[in-house]
Amino acid sequence: MKAYKLMRKKNGFLYSLFINRTSPIKMGVWLKARCYPTKKFSVRKGWHCCFQPNLPHLKMQLANGEKRVWMEIEVDDYRIYPRPQSQGGSWLLAQKIKVIG
């Protein structure tokens, strides 16, 4: 199924916004979700994705120059989590994604 993921773009490479943010994300290959628990958050295992490229509560460009981009992805083995419209509506939590463009 087609979905969208907001990512960071730096020096031509894609990275996750928050979890495991220092590892580049490869395009065109299936990536399995791994759990990265933190002290601050209880993180569900999975890739957080959206039905539409819309997360109004997040900025696209940060003061430090970080640029965020929407990437079209394919998802597999996912669950849907209802979210308020102020957070873009329902999210998908996918166990596998493939970045396609």
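What's counted below: heavy atoms across the whole structure, side chains too, no hydrogens, waters or symmetry copies. Computed from a predicted model, the values in this text were never measured in an experiment.
- Here CG of L31 is found 10.0 Å from NZ of K98. Values are rounded to the nearest 0.5 Å.
- For the pair G46 and A33, the tightest heavy-atom approach, listed with the atom from each and the gap, is CA-CB, 3.4 Å.
- By the criterion of side-chain heavy atoms lying less than 4.5 angstrom apart, applied directly or through intervening Ile, Leu, Val, Met, Phe, Trp or Tyr residues, I73 is grouped together with V69 in one hydrophobic cluster.
- Side-chain atoms of I80 and L93, non-hydrogen and from C-beta on, never get closer than 4.5 Å to each other.
- Q95 places a side-chain N or O within donor-acceptor distance of the main-chain N or O of K45, the cut-off being under 3.5 Å.
- Counting only distance, with no hydrogens or angles, the side chain of R68 and the backbone of K59 share a donor-acceptor pair below 3.5 Å.
- When every heavy atom of W47 is checked against every heavy atom of K32, the shortest pair comes out as NE1-C, 3.6 Å.
- M7 is not listed as a side-chain neighbour of W70, based on a closest heavy-atom distance of 4.5 Å or more.
- Rounding to the nearest 0.5 angstrom, the gap separating the NZ atom in K5 from the CD atom in E74 is 15.5 Å.
- The heavy-atom pair separating Y4 from E72 by the smallest distance is CD2-CA, 4.0 Å.
- Linking Ile, Leu, Val, Met, Phe, Trp and Tyr whenever their side-chain heavy atoms come within less than 4.5 Å leaves I19 and Y15 in two separate clusters.
- Proximity of M27 to M71: side-chain heavy atoms (C-beta onward) are separated by under 4.5 Å at one or more points.
- Classified by interplanar angle (parallel below 30°, tilted 30° to 60°, perpendicular above 60°), the ring pair W91/H48 is perpendicular.
- In this structure, OG on S86 lies 7.5 Å from NE2 on H57, to the nearest 0.5 angstrom.
- L6 places a side-chain heavy atom less than 4.5 Å from the side chain of M60.
- Smallest separation of non-hydrogen atoms from Y78 and L92: CD1-CD2, 3.2 Å.
- Looking at every heavy atom in both residues, Q87 comes nearest to P56 through C-CD, 4.1 Å.
- Nearest heavy atom pair, residue L58 against residue L17, reads CD1-CD1, 4.0 Å.
- No more than 12 heavy atoms of other residues, nucleotides or ligands lie within 6.0 Å of CZ in R79, so this atom counts as exposed by the packing criterion.
- In this structure the side chain of K96 never reaches within 4.5 angstrom of the side chain of D77, judged on heavy atoms.
- With a 4.5 Å cut-off on side-chain heavy atoms, F13 and R8 do not count as touching.
- Atom-to-atom distance recorded for S90:OG and Q52:CD is 11.5 Å, nearest 0.5 angstrom.
- Remark: side-chain polar atoms of R83 are not paired, donor with acceptor, to backbone N or O of G88 under 3.5 angstrom.
- No continuous path of ILVMFWY side-chain contacts below 4.5 Å connects L14 to W30, so the two sit in separate hydrophobic clusters.
- Note that CD1 of I97 and CD1 of I25 are 6.0 Å apart. Values are rounded to the nearest 0.5 Å.
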